[in-house]
Amino acid sequence: MNASRQRTLGGGGHHVLDYLKRMQAENPAFFYAVQNDNDHSGGNIFWADATCRTNYSYFGDTVTFDTRYRTNRYRVPFASFTGLNHHGQPVLFGCALILNEPETSFIWLFQTWLHAMSGCQPVSITTDPDRLIQIAVAQVLPETRHRFCKWGIFRETQEKLAQIYQSHPTFETEFQKCINEPETIDEFESSWQSLLERYYVMDNEWLQSMYNARQQWVPVYMRDTFFGEFSITDRSGGHSFFDGYVNASTTIQMLIKQYEKALASWHEKEFKADYDTTNCTPFLKTPSPMEKQAANLYTRRVFMKFQEELVETLANSATKIDDAGAVTTYHVAKFGEDHKARTVSFNSIEMKASCSCQIFEYSGIICRHILAVFRAKNVLTLPSQYILKRWTRNAKTGPAADELASDVPNSDRESLTVRYNNLRQEAIKYVEEGAKSIHVYNVAMDALREAAKKVTAAKNQGSGGTDSSTFINGGSQDSRAAEGPQTPIHQSVDEKEKKIHEMTAELENINQRCEVYRANLLAVLRDMEEQKLKLSVKVQNARLSLKE
């Protein structure tokens with residue numbers, strides 16, 4: 001770590017560690033670790049709360065390791081592990097402060113993160129094209145497909161080829177089209193060669209090195225691996241859980257506050273997406289039983305993507321080109337675009353199909369080409385192998401949360417995160433039942449208002465105690481975990497003042513969390529008020545029609 005960064009952080013690292021200790025004391029499933037720092041300059045820090053660990057058990061198939069602090073020259077070396085939830089929203093899997101960057105730092109970080117995630121390797125990971133990160137991924141995640149962030153490559157190319165970008169304004173657009181638009185490897189190879197010749201850059205060393213690494217960043221080479229993106233031109237590492245919250249001007253003193261704001265914001269967005277999925281019936285565009293099936297299975301956003309593919313089958317015809325027993329091969333093309341035909345193989349016994357576009361492998365959403373073959377073969381509902389649970393309404397049900405909870409003593413299972421999730425699930429059920437009739441709605445609304453008063457009263461009385469059990473986070477020599485606070489029998493004045501300061505900070509933290517829960521409850525109330533208004537209008541219209 002360079003001296004300027006040490007001066008910038010100052011004693012802020014202790015501020016972060018104090019926060020992590022409080023969080024771990026409150027919830028034993030909260031994990032954090034600090035890498036040994038023999039020179040006492042401050043060790044690298046990693047942490048993941050219980051929600052991160054639970055979400056990883058559901059959505060940890062694809063991961064992005066965000067280190068934009070390095071290229072954007074952040075004041076705080078803050079990195080994050082993120083993924084995508086069942087609504088396609090960013091979801092957090094852990095955070096790190098990387099104060100030192102020797103070759104072993106990223107190896108330690110990935111090993112610590114993987115340990116916190118119960119040792120389960122993801123299917124794919126997206127990172128910046130950095131040599132030290134490449135070494136760490138290869139060593140710690142040998143079974144994981146490693147992709148370089150495409151936008152990171154574009155950014156570096158702009159820096160390395162600044163003169164070409166300046167002298168040829170069209171180069172950037174042509175370069176991006178060359179990467180994003182080819183649908184086959186042959187198309188990419190031809191487009192790449194044409195680009196080099198058109199701009200006379202055949203011997204450019206940077207472009208040659210990028211071409212040599214093409215299988216780790218050019219989308220057409222990545223289609224056989226799950227990345228959870230609905231299109232090969234999607235994010236490719238271009239998103240961030242902390243966009244709008246942590247940036248180049250964020251100080252170490254501001255970090256935790258911004259971190260918690262981001263958590264609260266995404267919790268609220270997920271809650272709203274859950275509510276919309278449960279309570280907003282999607283409009284069906286076809287009489288297909290498969291569309292109705294998908295509408296009941298998928299979250300709202302994923303269903304809209306599936307629906308788009310299904311509707312496109314109306315313009316795509318499947319032409320049989322080979323029939324070898326149980327396996328039939330088709331060419332599928334949009335009317336008038338035979339040159340873009342896809343090849344689909346269909347096994348009628350196993351009800352399995354594979355398409356040359358590999359969209360299902362890449363996104364987990366079945367493509368229009370396979371759906372066109374299903375239509376031709378009179379397959380009326382989606383076979384189970386084409387329904388990924390991670391995209392369904394029930395993605396966060398099952399044994400994953402129970403497995404995580406089993407690592408924690410029974411008395412500690414009612415942690416902050418568990419309480420939050422339980423309250424949210426119960427609230428959604430409550431809303432569903434409460435909106436079924438005017439009478440039930442009025443009863444539910446009165447009960448909610450009474451509950452809100454009780455919650456506010458409990459908050460004002462400070463009755464929400466926190467767990468204080470000790471949870472040892474990892475046991476390797478490379479990391480050390482916080483130990484629970486111990487109160488001696490005889491305390492000095494300084495010790496008592498320190499204890500009061502800690503308790504005050506803890507109370508402030510609880511109050512902030514209560515505000516988040518209160519905001520969520522108010523959001524439910526607002527939604528129910530809107531439902532009441534809509535129902536009232538319908539009742540009034542019904543009365544008028546009866547009078548007529």
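Open room surrounds CE on M304; 12 or fewer heavy atoms of other groups in view lie less than 6.0 Å from it. Heavy-atom contacts from other residues, nucleotides or ligands closer than 6.0 Å to NZ of K177 number 12 or fewer. Crowding of D224 atom CG: a count of heavy atoms from other residues, nucleotides or ligands under 6.0 Å exceeding 12.
For the ring-ring contact (aromatic ring centres under 6.0 Å, His included) with F93, the qualifying choice from F46, Y56, F81 is Y56, the only one to do so. Of the options Y298, F230, Y386, F360, a ring-ring contact (aromatic ring centres under 6.0 Å, His included) to W391 is made by F230 and by none of the others.
With contacts defined as side-chain heavy-atom distances shorter than 4.5 Å, the pair Q111/Q139 qualifies. You'll find the side chain of W217 stays beyond 4.5 Å of the side chain of P129, heavy atoms only. Here the side chains of E189 and R214 are in contact, with some heavy-atom distance below 4.5 Å. Residues L255 and L97 form a side-chain contact, since some pair of their non-hydrogen atoms from C-beta on lies under 4.5 Å apart. Within the 4.5 Å cutoff, side-chain heavy atoms of I98 are placed close to those of L109. Put simply, the side chain of V218 does not reach to within 4.5 Å of the side chain of M210, judged on heavy atoms. Two residues are said to be in side-chain contact when any heavy atoms from C-beta on lie closer than 4.5 Å; N204 and L196 fail this criterion. Looking only at side-chain heavy atoms (C-beta outward), T51 and H267 come within less than 4.5 Å of each other.
Q358 contributes atom CD, which lies 12.5 Å from atom CD of E183 (distance to the nearest 0.5 angstrom). Distance CZ/R223 to OH/Y362: 8.5 Å, rounded to 0.5 Å. Atom CG in N55 sits 11.5 Å away from atom CG in L84 (nearest 0.5 Å). Here the OG1 atom belonging to T126 is positioned 10.5 Å from the CZ atom belonging to R145, to the nearest 0.5 angstrom. Separation of atoms OG1 (T127) and NE2 (H146) is listed at 2.5 Å; rounding is to 0.5 Å. Taken from CG in D49 to CD in Q24, the straight-line distance is 12.5 Å, to the nearest 0.5 Å.
Side-chain N or O atoms of D66 include none that pairs as donor or acceptor with a backbone N or O of A79 at under 3.5 Å. Checking side-chain atoms of K389 against main-chain N and O of T397 turns up a donor-acceptor pair under 3.5 Å. Formation of a donor-acceptor pair under 3.5 Å by the T250 side chain with backbone atoms of N247 is found in this model. With D61 contributing its side chain and V123 its backbone, the two residues share no donor-acceptor pair below 3.5 Å. The closest donor-acceptor contact from the side chain of S191 to the backbone of E187 lies at 3.5 Å or more, if one exists at all. Judged by distance alone, with hydrogens and angles left aside, the side-chain atoms of W113 form no donor-acceptor pair with the main-chain N or O of G94 at under 3.5 Å. Listed for the T277 side chain is a donor-acceptor partner under 3.5 Å among the backbone atoms of A273. In this structure a side-chain-to-backbone donor-acceptor pair under 3.5 Å is present from S124 to F226. Between the side chain of S209 and the main chain of W206, a donor-acceptor pair closer than 3.5 Å is present. Of the possible polar contacts, none joining the S190 side chain to the D186 backbone as a donor-acceptor pair under 3.5 Å is found.
Taking the centre and axis of the six-membered ring of F227, the NZ or CZ atom of R147 falls inside the cone set by 45° and 6.0 Å.
Inspection of the N212 and Q208 side chains reveals an N or O donor paired with an N or O acceptor under 3.5 Å. In the model, N394 has no side-chain atom that pairs as donor or acceptor with a side-chain atom of H86 under 3.5 Å. No hydrogens or angles considered: a donor-acceptor pair under 3.5 Å links the side chains of N85 and Q89. For the 3.5 Å distance criterion, the side chains of Y211 and Q193 fail to qualify, holding no donor opposite an acceptor. T64 and T82 share no side-chain donor-acceptor pair at under 3.5 Å.
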I would like to know whether R75 and I252 meet side chain to side chain contact (heavy atoms under 4.5 Å, CB included); could you show each step before the answer?
CA-CA 8 Å; R75 294 178 66 179; I252 190 71; over 6 Å; no

CA sep, side-chain torsions, deciding dist, call: Y19, E260, side chain to side chain contact (heavy atoms under 4.5 Å, CB included):
CA-CA 11 Å; Y19 169 81; E260 290 205 322; 2.7 Å; yes

Begin from the C-alpha positions of Y259 and W47 and carry the test ring-ring contact (aromatic ring centres under 6.0 Å, His included) through to its verdict.
CA-CA 12 Å; Y259 160 83; W47 72 91; 5.7 Å; yes

Side chain to side chain contact (heavy atoms under 4.5 Å, CB included) for V76 and V246? Distances and angles first, verdict last.
CA-CA 9 Å; V76 178; V246 179; over 6 Å; no

Taking it one step at a time, do V16 and F78 satisfy side chain to side chain contact (heavy atoms under 4.5 Å, CB included)?
CA-CA 12 Å; V16 174; F78 178 70; over 6 Å; no

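Residues S105 and N44 approach most closely at OG-ND2, 3.1 Å, considering heavy atoms. Q121 and T144 make their closest contact through OE1-OG1, 3.6 Å (heavy atoms, listed as atom of the first residue, atom of the second, distance). Contact between V201 and L195 at its shortest, heavy atoms only, is CG2-O, 4.5 Å. Counting all heavy atoms, side chain and backbone alike, W192 lies closest to L207 at CZ2-O, 3.4 Å. Among all heavy-atom pairs drawn from S249 and M254, the shortest one is O-SD, 4.4 Å. The shortest non-hydrogen separation linking L114 to C120 is CD1-O, 3.5 Å.
The six-membered or imidazole ring of F175 lies away from that of Y199, with a centre-to-centre distance of 6.0 Å or more. Proximity of the aromatic rings of F110 and F65 is defined here by a centroid distance below 6.0 angstrom, and this criterion is met.
Salt bridge R301/D276: absent, no basic N to carboxylate O contact under 4.0 Å. Note on R70 versus D128: no salt bridge recorded, every NZ/NE/NH1/NH2 to OD/OE distance being 4.0 Å or above.
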